[in-house]
Number of protein chains: 2
Amino acid sequence: MKEPEFTSSLELVRWIGWAQKKSGEDWIRARELSHEQAFVLGYLVDNPGSIQRDIAAVSRTSAASVSSLLQGLERRDLVERRTEDGDERRKRVYATPAGAELISGFEDAMAATDDAILAPLDGDERATLLALLKKITAELPQPRR
Amino acid sequence: MKEPEFTSSLELVRWIGWAQKKSGEDWIRARELSHEQAFVLGYLVDNPGSIQRDIAAVSRTSAASVSSLLQGLERRDLVERRTEDGDERRKRVYATPAGAELISGFEDAMAATDDAILAPLDGDERATLLALLKKITAELPQPRR
DNA sequence: ACCTAACTGTTAGATATCAAACTGTCAACA
DNA sequence: TGTTGACAGTTTGATATCTAACAGTTAGGT
């Protein structure tokens with residue numbers, strides 16, 4: 001019973017997701033960030049001025065989680081929030097220079113870990129996998145709430 | 001920027017993992033359990049007397065998490081922990097009758113949601129997907145710590 | 001103008017997770 | 001028999017997540 005059978009694809013999917021989260025951990029922990037904080041900070045560098053609602057959608061979480069996550073980043077002056085355009089509901093979020101500097105190289109590090117995880121597959125197999133996953137996710141619910 | 005490109009298989013993998021977690025949520029919430037509590041309780045019905053270390057390995061988490069998770073289940077008398085075999089280190093964990101009753105049908109419900117997620121794929125495609133995922137996970141680190 | 005509904009973000013309370021430090025127990029070995 | 005190291009579990013303090021309830025803002029309809 002120490003060797004489970006793994007007949008379920010979705011069990012393997014969850015395992016891979018876990019491994020991906022783990023694999024960049026050294027890089028992230030060296031900067032005293034959580035995985036989620038790093039992801040959002042990286043996203044903000046590429047998409048400055050995003051509103052929290054969109055950040056929640058992209059990071060597949062809730063507005064409430066984004067709110068508290070950004071509080072942590074704002075406390076360390078890694079991001080800045082302000083309202084613009086005369087719309088007092090939306091808060092535009094920006095990475096500060098310190099935040100951008102801290103996260104630089106994150107995407108490269110993540111791409112490297114992705115490559116490491118997919119290493120057992122050759123080019124054709126990766127293409128097949130991507131096609132199958134797209135077929136599944138096309139039918140999947142979006143985390144909009 | 002509202003239509004992300006998704007060139008990364010691993011991004012899709014994480015999305016599917018998220019959807020799987022969400023999909024059984026109604027069933028689980030009706031019983032006032034968390035996803036993780038339900039998983040562990042179900043595991044204990046099939047593997048009575050497991051020790052916490054093994055539960056951590058199977059649920060791909062840490063001994064500390066299992067410790068606090070089981071405290072929640074024990075508070076509601078859904079599981080019971082006791083030492084046996086004269087080994088005072090290991091704590092054998094059992095689902096109580098109430099716990100077993102509460103979780104009955106869980107595995108069927110989970111299997112149904114798995115089927116719903118994989119619905120876009122036919123039998124051959126599912127077999128291909130499973131083979132590719134096994135190839136990846138064969139090289140993946142185990143969450144042992 | 002006003003009312004209402006939708007939208008955006010926050011808070012509160014619960015659970016999960018992790019790392020690190022700690023306690024207690026067992027076993028091997030001198 | 002005593003010491004030492006490995007093992008199992010807990011605690012602590014931080015962050016993330018969820019739901020539900022809440023507050024302020026905007027826009028639409030009458």
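Numbered from 1 within each chain, the chains take letters A, B, ... in sequence-line order.
- In the set D:dA16, D:dA20, C:dT8, D:dA20 carries the atom at the smallest distance from any side-chain atom of A:Ala64.
- In this structure, A:Gln52 does not reach the C:dC7 phosphate: none of its side-chain N or O atoms is under 4.0 Å from OP1 or OP2.
- In this structure, NZ of B:Lys91 is placed 11 Å from C1' of C:dT23, rounded to the nearest angstrom.
- Distance A:Glu36 CD to C:dC18 P: 11 Å, rounded to the nearest Å.
- Between D:dA14 and A:Ser34, no contact under 4.0 Å exists linking OP1 or OP2 to a side-chain N or O.
- Among the nucleotides D:dT25, D:dA16, C:dC18, the one closest to any side-chain atom of A:Lys22 is C:dC18.
- Regarding contacts with the backbone of D:dA8, a side-chain N or O of B:Arg90 is found under 4.0 angstrom from either OP1 or OP2.
- Contact of the A:Leu130 side chain with the B:Ser9 side chain is registered, since non-hydrogen atoms from C-beta on lie closer than 4.5 Å.
- Per the geometry, CG belonging to A:Asp54 stands 8 Å off P belonging to C:dT8, to the nearest Å.
- Taken to the nearest 0.5 Å, the CD atom of A:Glu11 stands 11.5 Å off from the CG atom of B:Leu133.
- Here CD1 of A:Ile51 is found 4.5 Å from CG of A:Asp54. Values are rounded to the nearest 0.5 Å.
- Along DNA chain D, the nucleotide nearest A:Glu88 and the nucleotide nearest A:His35 are compared for position; the residue whose nucleotide lies closer to the 5' end is A:His35.
- Going from atom CD of A:Gln37 over to atom P of C:dT17 covers 18 Å, rounded to whole Å.
- Contacts between residues 65-76 of chain B and DNA chain D, defined by a heavy-atom separation below 4.0 Å, involve B:Ser67, B:Gln71, listed by number.
- Under the 6.0 Å distance and 45° angle rule, B:Arg31 counts as a cation-pi partner of B:Trp27.
- Contact annotation for A:Glu25: backbone-only contact, meaning every heavy-atom pair under 4.0 Å involves sugar-phosphate atoms and none involves a base.
- Taking atom CZ of B:Arg81 as the reference point, atom P of C:dG24 lies 17 Å away to the nearest angstrom.
- For B:Lys21, no side-chain nitrogen or oxygen approaches OP1 or OP2 of D:dC18 to under 4.0 Å.
- Rounding to the nearest 0.5 Å places CG of A:Leu41 at 9.5 Å from CG of A:Leu69.
- Among the protein residues, B:Arg92 comes within range of no part of the nucleic acid, since none of its heavy atoms lies under 4.0 Å from any strand.
- Protein atom CD1 of A:Ile28 is 15 Å distant from nucleotide atom C1' of C:dT17, rounded to whole Å.
- Side-chain atoms of B:Arg81 and B:Gln52, non-hydrogen and from C-beta on, do get closer than 4.5 Å to each other.
- At least one side-chain nitrogen or oxygen of B:Arg29 sits closer than 4.0 Å to the OP1 or OP2 atom of D:dA20.
- A:Glu84 places its CD atom 17 Å from the P atom of D:dT25, with the value rounded to the nearest Å.
- Between B:Ser62 and the phosphate of C:dT17, there is no side-chain N or O to OP1/OP2 separation shorter than 4.0 Å.
- Following rounding to the nearest Å, B:Leu33 (CG) and C:dT15 (P) show an atom-to-atom distance of 11 Å.
- Between B:Arg53 and D:dA6 there is no side-chain polar atom (N or O) within less than 4.0 angstrom of OP1 or OP2.
- In this structure the side chain of B:Ile55 reaches within 4.5 angstrom of the side chain of B:Leu44, judged on heavy atoms.
- You'll find the side chain of A:Asn47 stays beyond 4.5 Å of the side chain of A:Val58, heavy atoms only.
- Comparing atom distances between the B:Thr61 side chain and each of C:dC7, C:dC18, D:dC18 picks out C:dC18 as nearest.
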